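Below: the structure, in C-alpha cells.
The shown structure was predicted, so the numbers you read here are calculated from the model rather than taken from an experiment. As the structure lists them, so they are numbered: ligands from 1, and atoms in each ligand from 1.
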Amino acid sequence: MNSSSTPTARFVSTGTLPGPEEIRSLVEAAYENFREEAGGKLADYIPALAEADPSAFGICVANTRGHAFMVGEAAETFSIQSVSKPFVFALVCEALGAAEAATRLGVDATGLPFNSIMAMELRTDGTSNPLVNAGAIAATSLIPGFGADDRWHHVRQGLSRFAGRELACDEHVYESEAANNQRNAGLAHLLRGHGRLYCDPDEAVEVYTRQCALLVSARDLALMGATLAGGGVHPLTGEQVVSAATCQRVLAVMATAGLYERSGSWLYDVGLPGKSGVSGGILTIAPGKGAVATFSPPLDAAGNSVRGQLVMRFLSERLGLNLFISAPAAHL
Ligand code: GLU
C-alpha cells in the first residue's frame, strides 16, 4: 500500500458529535457570548463586500448524518469567496489524482498574506498551495473544460453537489471584484510565466472570480464541510461527491493553510482543519464527525472573521472536536 492509496475502513477518524440538546445549548451559548463583539472591519478592497451588514451573525453545526443546528443568520446567503478554494481543490484532486494535484499546485503553507506575490516568487518552482490566491487560481486552471464557460459550469456543478443544492453566482459581487481584480490578474500572468498556470490567465481569473461570488449560507457551508468530514458523501443527498482519499488530502491542506498567515495559531488553538473567506465565512471540519460554519463579516488584519474565530475557539473543545487532545491511557 503506498501513501496515495485510498484509506481503508479500518483506519479512519471516527466519533460523533454530542447529542442534539448539548449541541443546541453550546451553539446558542456561543452566539450569545460573541454577538456583542465589535472587533474587526469589513473587507473593502472588493467594494461590494463593504456593503455587508457588520452585525449579521450566524452559526451552523452539521453532523455527517445531516442533522443541522442553526442559530442567528445561518440561512442568510453571502459570497463564498475563499471558502470555495478547498472544494475546487477537491475537484482537481478528483480529476488529476491527489499526487499530481500536489505536484502542480504545491501544498505548503506560505506564511504570507493570501494574495502575496512574494510567496510565489520565493519558491523556485512557482508553486504555493491551493488555498492562497496564486495556488487557487492555478487550481481553477486545472478544472477540466474547454473555455471559461465550460470550466465555470464544472466548478458551479461541483460546488453545488457539495452543497446539495444548485448554487447561484452573485452578479453584483462578481462585477465588483472583476472591476478591481488587477492583483489576481497579475498573479495569474506571473504564474503562467512560471509554467504554473494551466490555461489562459484571463480565463482562469474570470472563472476564479465567479467561483468566489457563489452564494452560500452558513448552513450550506456546514453541509459542504460535513461532506468533506464524511468520506465525501453528502449527508442529505447521499451522493458520493468526491472520494474519501480526496477528502483526506483537502483536510490536510486546510489544516496547514486555511486561515491565511494565522493558520498556525488557528491550529494551535482550535486543532481542526478550517478555511476562512473575506466575506466573513469560516468553515471548520471535524473528520468523521461533522462541520461548523460561521458567518460574520468583520475581519481581523489577516482577513479572518473575528466572531467566527471566537466561536470556533469556544466550540472546538466543548464539542470534543480538537484533533490533538488526548488523555494518558492509564486514566481511561
Ligand atoms: N475573491 C477574493 C480574492 O481573490 C477571495 C479572497 C479571500 O476570501 O481570501 O481576493
Side-chain angles (χ1 to χ4, degrees), residues 40-52 77-89 105 109-120 128-141 152 155-156 159 167 169-191 197 201-216 218 220-221 224 253-254 256-263 266 274-284 293-306 308-309:
K41 63 189 216 23
L42 298 177
D44 57 7
Y45 76 101
I46 299 172
L49 297 185
E51 297 163 16
T77 58
F78 55 95
S79 59
I80 187 169
Q81 298 301 333
S82 276
V83 189
S84 62
K85 291 170 177 170
F87 298 100
V88 170
F89 179 53
L105 300 171
T110 66
L112 289 165
F114 68 97
N115 57 2
S116 172
I117 290 166
M118 193 166 68
M120 177 175 55
S128 50
N129 70 70
L131 303 190
V132 294
N133 284 16
I137 296 168
T140 300
S141 80
W152 164 238
V155 168
R156 193 169 75 81
L159 267 64
L167 298 179
C169 178
D170 183 327
E171 290 298 327
H172 176 57
V173 170
Y174 168 72
E175 299 290 344
S176 178
E177 182 163 5
N180 293 278
N181 218 3
Q182 295 77 14
R183 194 175 177 95
N184 284 338
L187 278 171
H189 284 269
L190 286 171
L191 279 168
L197 196 82
D202 297 326
E203 181 185 322
V205 172
E206 184 191 329
V207 178
Y208 166 80
T209 308
R210 282 201 176 281
Q211 119 198 359
C212 289
L214 280 169
L215 284 168
V216 291
D220 289 324
L221 288 183
M224 293 170 84
V253 182
M254 290 174 80
T256 54
L259 276 278
Y260 308 120
E261 64 270 39
R262 302 279 162 77
S263 300
W266 166 267
K275 184 71 200 93
S276 62
V278 291
S279 50
I282 299 186
L283 172 61
T284 313
T294 53
F295 170 54
S296 169
L299 309 176
D300 69 11
N304 299 310
S305 167
V306 170
Q309 292 177 84

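Partners of Asp300 under the salt bridge (charged side-chain N to carboxylate O under 4.0 Å, His left out) rule, at least two apart in sequence or in another chain, are Arg262. Partners of Glu171 by side-chain contact (heavy atoms from CB on, under 4.5 Å), not counting sequence neighbours, listed by chain and number: Cys169, Tyr174, Glu175, Arg210.
Annotation: cation-pi pair Lys85/Tyr208 absent, no NZ/CZ under 6.0 Å from the ring centroid and within 45° of its normal.
Paired with Thr209 under the rule side chain to side chain donor-acceptor pair (under 3.5 Å), one option of Asn180, Asn181, Thr140 passes, and it is Asn181.
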Under a 3.5 Å threshold, I'd like every N/O contact between ligand 1 and protein atoms, with atom names and distance.
unit_1, atom_1, unit_2, atom_2, d
ligand 1, 1 (N), Gln81, OE1, 2.6
ligand 1, 1 (N), Glu177, OE1, 2.9
ligand 1, 1 (N), Glu177, OE2, 2.8
ligand 1, 4 (O), Asn133, ND2, 3.0
ligand 1, 4 (O), Glu177, OE2, 3.3
ligand 1, 4 (O), Asn184, ND2, 2.9
ligand 1, 4 (O), Tyr208, OH, 2.6
ligand 1, 8 (O), Ser82, N, 3.0
ligand 1, 8 (O), Ser82, OG, 2.8
ligand 1, 8 (O), Tyr260, OH, 3.3
ligand 1, 8 (O), Val278, N, 2.9
ligand 1, 9 (O), Ser82, OG, 2.5
ligand 1, 9 (O), Tyr260, OH, 2.4
ligand 1, 10 (O), Tyr45, OH, 2.6
ligand 1, 10 (O), Asn133, ND2, 3.4

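For the pair Glu261/Thr110, no side-chain contact is recorded, criterion being any heavy-atom separation below 4.5 Å from C-beta on.
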Side-chain donor-acceptor pairs under 3.5 Å in residues 40-51, sequence neighbours left out?
unit_1, atom_1, unit_2, atom_2, d
Glu51, OE1, His172, NE2, 3.0
Glu51, OE2, His172, NE2, 3.3

